[in-house]
Amino acid sequence: MTEGNNMPENDAAAETPAGSEPAKEKRPVEEQDGEKEKTENKENGDSKVDIPEKSEGPGAKEEVEFVHPEGGWGWVVMLASMWCNGSVFGIQNAFGVMYISLLQEFGSPDDKDLKFRTSWVGSLSMGMIFFCSPIVSIFTDMLGCRIVAVGGAAVGLVGLLGSSFVTSLDLMYFTYGIVFSCGCSFAYQPSLVILGHYFKKRLGLVNGIVTAGSSAFTIAMPFVLSALLKNIGLYSTLRVLCILMLVLMLAGFTYKPLLPVKPKDSQTGSSHLKQIFNVNIWKSWGYRIWAFGIPAALYGYFVPYVHLMKHVEERFGKETNKEVLLMCIGITSGIGRLIFGIVADYINGVNKVFLQVASFFVIGLMSMMIPLCNVFGGLIAVCLLMGLFDGCFICIMAPIAFELVGAKDVSQAIGFLLGLMSVPMTVGPPIAGYLRDKMGYYDMAFYLAGVPPIIGGALLCLIPWVEAKHKRREKKEAVKGEQDADQKMMNHEKAQEVVQHKAGESVL
């Protein structure tokens with residue numbers, strides 16, 4: 001409590017004679033008013049966070065209401081997060097354009113082994129963004145969103161700038177595939193976590209707008225990169241992209257945290273490790289299924305972004321305007337993120353997972369349709385539909401995490417999920433490149449890329465059933481606990497009556 005609240009009570013206690021009743025009767029009335037206000041706030045949908053405050057009594061703890069602003073400075077944070085998503089994934093999703101330039105820079109495009117090795121640059125970069133996420137989540141909990149985001153953007157800037165000076169593919173693995181992507185990972189995840197500090201009721205909509213940033217960049221980046229690569233070459237293009245990372249570093253300074261920091265325990269050993277590694281998220285069966293079902297669906301997810309450009313050249317010729325396909329994916333992905341972000345706000349609880357199930361089914365089917373398109377217009381239609389449901393899958397990841405584990409544990413919940421996603425995101429495109437080198441065409445690679453999303457989507461269907469079963473069990477335990485408490489109270493009252501009766505008999 002604050003001193004302003006304590007002083008009137010102390011004065012009243014000083015003026016009232018010892019043993020008088022009014023000073024004792026005042027506190028229950030104030031407590032009832034406080035409980036009434038908390039009940040009204042709870043009905044209005046305001047979130048509540050328990051934080052310990054200094055108090056005169058030992059071990060005292062006061063429950064403080066935390067209300068999400070739902071706007072204000074949050075809109076600035078939303079724009080900064082939008083820039084983060086756009087700059088990070090805009091560059092990653094347009095790697096297919098840079099892939100052709102890398103083939104020309106480090107060898108002949110007809111070298112079969114070179115295709116396989118070069119595809120590892122983009123796959124390693126995308127995979128490391130997700131692989132580092134569990135570590136990023138721990139640093140975010142320890143240092144805060146702002147420090148982690150700014151530091152990550154600075155590392156990404158160094159990696160991208162270093163990539164513009166390397167002269168071998170092996171060094172490109174390190175500068176672009178590891179340093180640049182690790183920096184992007186440290187900059188990206190705080191941009192998702194910080195939104196939960198400012199929004200609750202509009203979280204789905206805000207996530208849709210933020211993730212639409214990568215769609216906007218994905219639309220423009222293929223044309224920008226093609227023009228830059230044609231006019232100034234690969235190395236100068238990488239230096240121009242450093243501007244995006246510089247702006248991203250400045251955007252990270254807007255991440256002002258609002259949620260109270262968890263109290264730190266002075267104990268060491270296992271209790272200290274539990275504070276660093278949040279094991280509570282793994283107690284939820286729904287999260288366990290989600291954390292393994294999503295990676296299972298993503299073994300073929302990144303394949304079109306890497307190999308679609310080369311497939312179009314082989315199928316329709318080098319003069320085909322292949323950048324239009326990535327633009328189509330980017331446009332409909334942005335539209336999907338906005339539409340399904342709004343829709344997610346009207347779907348209760350974990351039932352949001354069914355949106356991801358539908359997304360994976362459509363993405364899997366569209367991947368299998370790519371080799372069947374012998375007309376360029378048909379390929380455009382496939383990319384439009386794929387992009388729409390790609391946006392659906394991406395924009396509701398954070399809202400589902402909040403539903404499964406709650407706001408306090410969401411940082412590491414998202415971090416470990418992204419970490420598990422790193423394996424399929426990394427190995428998928430090289431496997432597709434290997435199949436292309438062995439068979440001489442991409443058809444089988446795209447057919448197989450469509451299978452994992454369908455399997456992963458089927459696994460996600462179990463989450464609502466598991467969560468409903470868990471809630472029923474909790475409800476039964478709560479009812480049983482109330483019954484036990486009532487029984488104990490009745491036994492206590494009977495014991496009191498017996499004691500009073502015996503005391504009355506002794507007096508008589």
Side-chain angles (χ1 to χ4, degrees), residues 85 89-90 92-94 96-97 204 207-209 211-223 294 297-312 315-316 320-344 347 352-397 424-425 428-429 432 442-458 460-461:
N85 275 259
F89 290 104
Q92 296 292 336
N93 292 341
V97 178
N207 269 281
I209 296 174
T211 55
S214 62
S215 297
F217 276 71
T218 301
I219 295 168
M221 197 62 71
F223 297 98
I294 295 288
L298 294 181
Y299 277 93
Y301 173 81
F302 197 47
V303 171
Y305 288 99
V306 175
H307 294 287
L308 184 59
M309 298 292 97
K310 193 64 180 175
H311 169 72
V312 171
R315 178 67 63 88
F316 300 101
T320 305
N321 191 9
K322 51 188 177 296
E323 292 84 4
V324 172
L325 298 177
L326 288 181
M327 184 187 72
C328 292
I329 294 176
I331 291 175
T332 53
S333 181
I335 295 172
R337 296 173 198 203
L338 294 175
I339 293 175
F340 290 107
I342 297 173
V343 171
I347 298 178
K352 295 180 177 69
V353 170
F354 287 121
L355 291 176
Q356 283 191 329
V357 172
S359 299
F360 284 136
F361 284 161
V362 174
I363 290 173
L365 291 174
M366 292 302 103
S367 295
M368 295 178 177
M369 291 290 293
I370 290 176
L372 301 177
C373 296
N374 294 319
V375 180
F376 190 72
L379 203 55
I380 290 177
V382 167
C383 291
L384 289 173
L385 198 56
M386 182 182 289
L388 183 68
F389 284 92
D390 169 76
C392 174
F393 155 65
I394 291 174
C395 76
I396 59 176
M397 283 183 62
M425 297 286 280
Y442 277 108
D443 291 10
M444 184 57 65
F446 286 113
Y447 288 141
L448 294 178
V451 175
I454 297 175
I455 296 175
L460 297 184
C461 292

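When all heavy atoms are compared, the tightest approach of Met221 to Gly90 is CG-O, 3.6 Å. Residues Val382 and Cys373 share a closest heavy-atom pair of CG2-SG, 3.7 Å. Nearest heavy-atom pair across Tyr299 and Pro452 is CB-CG, 3.8 Å. Among all heavy-atom pairs drawn from Leu355 and Cys392, the shortest one is O-SG, 3.6 Å. Scanning both residues, Leu298 and Phe360, for their nearest heavy atoms gives CD2-CE2, 4.0 Å. Residue Asn207 comes nearest to Cys395 through the heavy atom pair CB-O, 3.5 Å, listed as atom of the first residue, atom of the second, then distance.
Two residues are said to be in side-chain contact when any heavy atoms from C-beta on lie closer than 4.5 Å; Leu308 and Cys383 meet this criterion. Between Phe340 and Phe393 the shortest side-chain heavy-atom distance does not fall below 4.5 Å. Side chains of Pro371 and Tyr447 form a contact here, defined as non-hydrogen atoms less than 4.5 Å apart. Side-chain contact between Ile331 and Leu384: absent, with no pair of heavy atoms (C-beta onward) separated by less than 4.5 Å. Side chains of Tyr442 and Ile370 form no contact here, defined as non-hydrogen atoms less than 4.5 Å apart.
Outside the 6.0 Å centre-distance limit, the rings of Phe89 and Phe217 are not counted as a close aromatic pair.
Pairs engaging residues 211-220 under the salt bridge (charged side-chain N to carboxylate O under 4.0 Å, His left out) rule: none recorded [sequence neighbours left out]. Applying the side chain to side chain donor-acceptor pair (under 3.5 Å) rule to pairs touching residues 363-378 yields Arg315-Asn374, sequence neighbours excluded. Among pairs with a residue in residues 324-336, those fulfilling side chain to side chain donor-acceptor pair (under 3.5 Å) read Ser215-Ser333, Ser333-Arg337, Ser333-Asp390, at least two apart in sequence or across chains. The list of salt bridge (charged side-chain N to carboxylate O under 4.0 Å, His left out) pairs with a residue in residues 371-388, not counting sequence neighbours, is empty.
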One pair to check against side-chain contact (heavy atoms from CB on, under 4.5 Å): Phe223 and Val97. What are the steps and the verdict? CA-CA 9 Å; Phe223 297 98; Val97 178; over 6 Å; no
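Note that CD1 of Ile394 is 3.5 Å distant from OH of Tyr301, once rounded to the nearest 0.5 Å. Within the model, atoms CG of Asp443 and CE of Met368 stand 13.5 Å from one another, a figure rounded to the nearest 0.5 Å. In this structure, Lys352 NZ and Ile396 CD1 are separated by 8.5 Å, a value rounded to the nearest 0.5 Å.
Take Val324 and apply the side-chain contact (heavy atoms from CB on, under 4.5 Å) test, not counting sequence neighbours, and it matches Asn321, Met327, Cys328, Ile380. Residues satisfying the side chain to side chain donor-acceptor pair (under 3.5 Å) criterion with His311, sequence neighbours excluded, are absent altogether.
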